[in-house]
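The first residue of the sequence shown is numbered 1, and numbering continues consecutively from there. Hydrogens, waters and symmetry mates are skipped; everything else that's a heavy atom, side chains included, is used.
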Amino acid sequence: PEGHVYLVEGYREEFSNSIKSLRRQTESSVFNQLTAAADIKQGLKELDKIKATYTEEIEKAVCTLIDKCRLKKVKMADRELDESFNKMWTETLNTLAFYEQQTSNIFTSVSLQLRTNLSHKGSHACELLSIKNLQDCGLVSFIYTPKGMRKNIRNKVKGWWTSTDPVKARQETADSIISACNDSVSDKIKKKTNYHDTYIQEILYIIDERLSKDDVDTDIEFEVSLKQHICGSAAKEFQKMHEDFIQENDPYRCLQKNKEKFCTAFKDVFHKRDQCQKKAEEFTNQCLKPAVEDFIHRSLGLNIIDEMLTREEFSTRMSFQYSVLVDLISKNEFELYLYYICSYEEYLKSQIFDRIKDHFSEGSILSEIENRHLESSIGNIDGAIKKAIPTGSLKTFVKDICKELGDKLVISQDALGAFMVLNNADQKQFAHWLTVSVKDMAGALIAEIQDRPFETKLKHLHVKPHIELFNRVIGCGHQCPFCSVPCDAGGKAHNEHFASLHRPQGLGEHRWAGTEQLMTDICSSLVVSGKTFCCNTTKDEWHLYKNYKETYPNWDIRPDVSLEASDYWKYVMAKYNNEFAAAYMANPADIPTFWKNITKEQAKESLKVSFNVK
């Protein structure tokens with residue numbers, strides 16, 4: 001109404017870009033997961049047929065043995081029945097045509113994906129790839145060793161300043177990317193599934209994204225060696241995962257794993273024992289209990305996120321930044337400030353994890369959520385048992401129960417197949433004992449779940465709450481190339497980064513050439529000065545600060561001669577001047593006198609002003 005529509009337009013465009021970016025990311029992620037799941041399932045189709053055929057042959061042989069033993073019309077002890085069963089088992093297996101499943105060479109697949117990823121980087125990248133075999137990569141820690149880098153000239157020119165050590169900066173970049181990729185590999189390994197090319201594509205995407213947002217100049221040698229290291233290490237893990245998956249689904253191994261169940265069922269049927277209670281307990285423990293646990297693990301992560309989002313500090317990205325800085329000054333530990341500045345993303349992740357742990361370690365919030373999901377699952381199971389009409393065969397009855405639960409609980413088909421073997425329990429009695437067994441399982445499971453440490457519960461969750469919350473509050477993750485303050489722009493889909501309040505540059509490791517003293521100047525005033533800088537990104541050449549966009553075109557450092565660092569960061573730098581100098585291997589800054597007079601309370605109040613906190 002006031003005619004100030006222009007004030008909204010910037011936010012409207014940012015919102016639109018963020019939504020489009022989120023859609024592309026989500027679409028790509030879901031498509032990759034569906035592609036991998038469908039391809040892996042298709043690969044198991046033939047194996048499942050073979051396993052079903054072998055199980056059927058064994059079942060026929062067991063039924064024939066039962067008839068043969070009964071024809072003897074003599075009482076047979078369990079020892080004799082065991083001997084007869086073992087003989088039949090060996091003879092039947094000898095008639096089945098087993099073939100050994102061939103394992104794939106995952107290193108070959110990963111190498112192909114790596115070459116495809118680097119194909120647009122030119123012939124030199126392909127030459128570098130050919131120097132080293134991927135199987136020889138990733139065996140030891142990655143250490144960046146520059147080749148042909150010119151000696152830094154910071155000591156030759158007095159009065160100007162230079163950036164942080166480029167070798168150290170690249171090593172830190174590499175360590176951060178390796179950590180993120182290792183987390184991705186670990187998540188895939190925990191699923192105990194087969195390898196798929198989308199897994200290594202996801203890792204290469206992580207590397208490319210991190211390298212693109214890092215303000216350290218990246219040469220092709222560094223990129224290739226880093227990707228080879230990460231892909232070599234990942235391929236080794238994926239190779240083992242693939243071989244374990246092949247072994248786990250080997251038809252012969254699956255039959256041998258169920259041999260004891262076949263033998264027990266054989267003796268029960270031969271002696272005409274009532275199987276109802278035993279089979280109900282088996283179905284509950286082998287099929288339903290894992291499905292209920294999986295349902296809780298799938299749901300709990302989202303519930304934890306929703307609960308944490310009710311807290312003020314997670315309401316907006318800026319609220320979280322404010323809460324982190326208040327927490328830092330309250331703890332009053334230099335090491336934490338150093339961790340925050342030098343390993344910004346890792347520090348935020350650890351903070352979020354600790355806050356989740358603290359929130360749910362107190363009170364009964366988590367127990368209430370777990371109880372709610374358990375009660376929901378038990379209600380669904382009881383409802384499915386009542387809906388399944390006990391007519392026809394027991395197999396049909398159980399399949400009807402599973403069908404009713406289909407969109408609620410995921411029941412293992414392998415466990416279900418093993419349960420169905422030689423099952424002649426009375427349906428009505430089975431249904432009765434199943435209801436009893438499910439009730440007993442509920443009581444035991446809730447006690448078991450609530451006894452687990454919180455960290456153990458988090459490891460089993462399908463959605464990692466601390467990672468999802470981190471993605472909400474991190475924004476684009478870019479930091480000012482001079483003072484390391486995080487970008488204020490929301491989301492990831494923006495072309496220009498900015499920060500409303502920069503820090504003294506000494507906190508970002510920058511120092512004056514010649515004296516090696518940490519700097520107290522801030523970016524906003526330097527970009528309108530006649531001072532110059534050099535760093536690895538400028539190839540050690542001096543550039544005017546006011547022309548910083550030639551070096552960092554994606555950053556918008558808004559000039560303001562009157563603007564000063566907030567009292568918060570003045571207080572921090574004054575208090576820990578010597579500690580920062582020692583950590584950065586520099587000389588202490590020449591701290592203005594009035595900075596030393598700023599109190600802790602004044603620093604906190606300045607934070608409120610900076611973040612517009614009432």
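Remark: the backbone N or O of Ser323 is not paired with any side-chain donor or acceptor of Asp327 at under 3.5 angstrom. Glu313 places no side-chain N or O within 3.5 Å of a backbone atom of Val324 that could act as its donor or acceptor partner. Distance alone, capped at 3.5 Å, places no donor-acceptor pair between the Ser179 side chain and the Asp175 backbone. Judged by distance alone, with hydrogens and angles left aside, the side-chain atoms of Ser606 form a donor-acceptor pair with the main-chain N or O of Tyr568 at under 3.5 Å. Asn258 contributes no side-chain N or O that, together with a main-chain N or O of Lys261, makes up a donor-acceptor pair within less than 3.5 Å. Remark: side-chain polar atoms of His242 are not paired, donor with acceptor, to backbone N or O of Phe238 under 3.5 angstrom.
Using a 4.5 Å heavy-atom cutoff, the side chains of Asp208 and Glu223 are in contact. The side-chain heavy atoms of Tyr199 and Met241, taken from C-beta on, include a pair separated by under 4.5 Å. Asp567 is not listed as a side-chain neighbour of Tyr571, based on a closest heavy-atom distance of 4.5 Å or more. Ile304 is not listed as a side-chain neighbour of Leu469, based on a closest heavy-atom distance of 4.5 Å or more. At a threshold of 4.5 Å between non-hydrogen side-chain atoms, the residues Lys20 and Ser16 count as touching. Residues Lys399 and Glu404 fail the side-chain proximity criterion, which asks for heavy atoms closer than 4.5 Å. A 4.5 Å side-chain heavy-atom check between Asp488 and Met318 finds at least one atom pair inside the cut-off. Residues Ile106 and Ile200 form no side-chain contact, since every pair of their non-hydrogen atoms from C-beta on lies 4.5 Å or further apart.
Every pair tested for salt bridge (charged side-chain N to carboxylate O under 4.0 Å, His left out) that includes a residue from residues 434-446 fails, sequence neighbours excluded, so the list is empty. Counting only residues at least two apart or in different chains, side-chain hydrogen bond (donor to acceptor under 3.5 Å, both in side chains) contacts with residues 454-466 comprise Asp294-His462, Lys357-Glu455, Glu370-Lys457.
For the residue pair Gln25/Ser21, the side-chain donor-acceptor check at 3.5 Å is satisfied. Residues Thr316 and Ser319 have side chains that bring a donor and an acceptor to within less than 3.5 angstrom of each other. Side-chain N/O atoms of Gln351 and Arg355 include a donor and acceptor closer than 3.5 Å. Checked by atom type, the side-chain pair Gln33/Ser29 shows a donor-acceptor distance below 3.5 Å.
The ring-ring contact (aromatic ring centres under 6.0 Å, His included) search around His196 returns none, not counting sequence neighbours.
Salt bridge status for Lys192 with Glu248: absent, with no side-chain N to carboxylate O gap under 4.0 Å. Salt bridge status for Lys608 with Glu605: present, with a side-chain N to carboxylate O gap under 4.0 Å.
Taken from CD1 in Ile178 to CG in Asp183, the straight-line distance is 12.0 Å, to the nearest 0.5 Å. Rounding to the nearest 0.5 angstrom, the gap separating the CZ atom in Phe454 from the OG atom in Ser361 is 6.0 Å.
Classified by interplanar angle (parallel below 30°, tilted 30° to 60°, perpendicular above 60°), the ring pair His497/His478 is parallel. Between Phe295 and His373, the ring-plane angle classifies as perpendicular under the 30° and 60° cut-offs. Taking the six-membered ring for Trp and thresholds of 30 and 60 degrees, Tyr339 and Tyr347 have ring planes more than 60 degrees apart, a perpendicular arrangement.
The number of heavy atoms from other shown groups lying within 6.0 Å of NZ (Lys49) does not exceed 12. Within a 6.0 Å radius of CD in Glu496, other residues, nucleotides and ligands contribute more than 12 heavy atoms. Other residues, nucleotides and ligands place more than 12 heavy atoms under 6.0 Å from the CZ atom of Arg298.
Residue Ser176 is tested with Glu345, Arg210, Glu346 for a side chain to side chain donor-acceptor pair (under 3.5 Å); the sole match is Arg210.
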